[in-house]
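All chains are named by letter (A, B, ...) in the order of the sequence lines, taking the proteins before the strands, and each is independently numbered beginning at 1. Everything numeric in this text was worked out from a predicted model, so none of it was measured.
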There are 2 protein chains.
Amino acid sequence: MSEPQSSRANLSIGDVSELTGSSIDTIRYYERVNLMPEVERTSGGHRVYTDEHIRRLAFIRHSRALGLSLEQIRQVVDGTEGGSYSCEEWQSLLNLCAEGIVRQIDDLRTAERNLREMIDACGQAELPNCRVVERLLAGEIPQ
Amino acid sequence: MSEPQSSRANLSIGDVSELTGSSIDTIRYYERVNLMPEVERTSGGHRVYTDEHIRRLAFIRHSRALGLSLEQIRQVVDGTEGGSYSCEEWQSLLNLCAEGIVRQIDDLRTAERNLREMIDACGQAELPNCRVVERLLAGEIPQ
DNA sequence: AAACAAATCTGGAGCTACTCCATGTTCCGG
DNA sequence: CCGGAACATGGAGTAGCTCCAGATTTGTTT
Ligand SMILES: [Zn+2]
Ligand SMILES: [Zn+2]
Ligand SMILES: [Zn+2]
Ligand SMILES: [Zn+2]
């Protein structure tokens, strides 16, 4: 029956924005797509935030930095609200995410390699009409 | 005064799609955003493509695979039409692009590292209520 | 209390690079 | 000439925000 020490803060959206580093628009966006807990309003309609919102925002930011999609974050949030989020679920979510990231890195590395090849192909030439571009446009560099 | 050997092909959009591997919608999209040369029409309005379109599409595909944005590709295409595209321009474009890719790779690697840490933190535990998730939601894992 | 500026509100559009859809028209083989 | 495949158009949807205009609220200063 001990009260958790917080949930009272009375912050404006501008305060929250400064505290968390998320833009005001982003914070409202998260609310629109149901990632934020319900938020109180003043009589005039301005949003009033509590510590809980700050924590939720931090969670979203950290999860986004991990590469999770908003949909995945929603899963976790909804999961923990409507019960529990097990280690199994959490680990499989993160593993899935890690796989995606590895794939993306691979793709980017391939792109980088091809880019370097193109740069090399152009080489030290300093022509007003790049031969590489001409050949690319002419379809002479296939595959 | 020798004719270049092509520019006559009379292909339907479906043919072009099969030949290049770009979808019909994508081909029409490239036309809408001014990446394709003007395309003739039959009396009924169906598009009729030539070899030039095939080459342009190949150029777009290759450039996209290198990681260039449509805007960057447009720069090259417009540049070569209204004059020349120099090695200097080409190399600086590609270098710019390469830098962006390297940045993306770095970001993704950071994300992967953090993900692995999270997975480790959850560890071998098989709890119905993951402690890591709880702590993340509670804001106990800061920074 | 009145005025004023700063902050916030809403709804909507815009961004990238496509993809998908409904509805209507054209093309082509038999 | 007819049926079905291919094609046309316009518009909406995707992710994850960002930006805008125009109206309202809030907090401070006179
Ligand atoms: Zn766990
Ligand atoms: Zn190719
Ligand atoms: Zn060159
Ligand atoms: Zn943080």
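When each of A:Asp25 and B:Arg32 is assigned the nucleotide of DNA chain D with its nearest heavy atom, B:Arg32 is the one assigned upstream, toward the 5' end. Mapped onto DNA chain C by nearest heavy atom, B:Ser43 and A:Arg41 fall at different nucleotides, with A:Arg41 at the one closer to the 5' end.
When the P atom of C:dA17 is taken as reference, atom CD1 of B:Ile27 falls 17 Å away, rounded to whole Å. When the P atom of C:dA13 is taken as reference, atom OH of A:Tyr29 falls 17 Å away, rounded to whole Å.
Judged as a salt bridge (Lys or Arg N to Asp or Glu O under 4.0 Å), not a single pair has a partner in residues 90-105 of chain A (not counting sequence neighbours). Counting only residues at least two apart or on different chains, the salt bridge (Lys or Arg N to Asp or Glu O under 4.0 Å) pairs with a member in residues 76-95 of chain A are A:Arg56-A:Glu81. Sorted by first then second residue, the ring-ring contact (aromatic ring centres under 6.0 Å, His included) pairs that include residues 30-52 of chain B, not counting sequence neighbours, are B:Tyr49-B:His53. For residues 34-46 of chain B, the set of pairs meeting the salt bridge (Lys or Arg N to Asp or Glu O under 4.0 Å) definition, not counting sequence neighbours, comprises B:Glu31-B:Arg41. Residue pairs meeting the side-chain hydrogen bond (donor to acceptor under 3.5 Å, both in side chains) criterion with at least one member in residues 114-129 of chain A, sequence neighbours excluded, are A:Glu112-A:Arg116.
Remark: B:Thr42 is not in phosphate contact with C:dT26, judged by side-chain N or O atoms under 4.0 Å from OP1 or OP2.
Where DNA chain D meets chain A (any atom under 4.0 Å from a heavy atom), the bounding nucleotides read 5' to 3' are D:dG16 to D:dT26.
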Could you go through residues 68-75 of chain B and list every donor-acceptor pair under 3.5 Å that involves a side-chain atom there, pairing it with any protein atom two or more places apart or in another chain?
{"unit_1": "B:Ser69", "atom_1": "OG", "unit_2": "B:Glu71", "atom_2": "N", "d": "3.4"}
{"unit_1": "B:Ser69", "atom_1": "OG", "unit_2": "B:Gln72", "atom_2": "N", "d": "3.1"}
{"unit_1": "B:Glu71", "atom_1": "OE1", "unit_2": "B:Arg74", "atom_2": "NE", "d": "3.4"}
{"unit_1": "B:Glu71", "atom_1": "OE1", "unit_2": "B:Arg74", "atom_2": "NH2", "d": "3.4"}
{"unit_1": "B:Gln72", "atom_1": "OE1", "unit_2": "B:Ser69", "atom_2": "N", "d": "2.9"}
{"unit_1": "B:Arg74", "atom_1": "NH1", "unit_2": "B:Val33", "atom_2": "O", "d": "2.3"}

Practice item. Kindly determine whether A:Arg131 and A:Glu134 satisfy salt bridge (Lys or Arg N to Asp or Glu O under 4.0 Å), including the steps that lead there. Key: CA-CA 5 Å; A:Arg131 294 264 179 262; A:Glu134 275 178 2; 3.3 Å; yes
Exercise for review: Tell me, with the steps shown, if B:Thr110 and B:Asp107 meet side chain to side chain donor-acceptor pair (under 3.5 Å).
Suggested key: CA-CA 5 Å; B:Thr110 301; B:Asp107 289 350; 5.4 Å; no
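Inter-residue side-chain proximity for B:Leu127 and B:Cys130 is flagged as unmet; no heavy-atom pair is nearer than 4.5 Å.
Of the residues in residues 99-119 of chain A, none has a non-hydrogen atom less than 4.0 angstrom from any atom of DNA chain D. Sorted by residue number, the members of residues 65-73 of chain A with any non-hydrogen atom under 4.0 Å from DNA chain D read A:Ser69, A:Leu70.
A side-chain N or O of A:Asp15 and one of A:Ser12 form a donor-acceptor pair less than 3.5 Å apart.
When every heavy atom of A:Ser22 is checked against every heavy atom of A:Arg61, the shortest pair comes out as OG-CD, 3.3 Å.
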Show the distances under 3.5 angstrom between N or O atoms of the protein and N or O atoms of nucleotides 1-8 of chain C.
{"unit_1": "C:dT8", "atom_1": "OP1", "unit_2": "A:Ser12", "atom_2": "OG", "d": "2.8"}
{"unit_1": "C:dT8", "atom_1": "OP1", "unit_2": "A:Gly14", "atom_2": "N", "d": "3.0"}

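Every residue two or more places apart in sequence or in another chain that forms a side chain to side chain contact (heavy atoms under 4.5 Å, CB included) with B:Ala121 is listed here: B:Val132. For B:Arg109, the side chain to side chain contact (heavy atoms under 4.5 Å, CB included) partners are A:Ile105, A:Arg109, B:Ile105, B:Asp106, not counting sequence neighbours.
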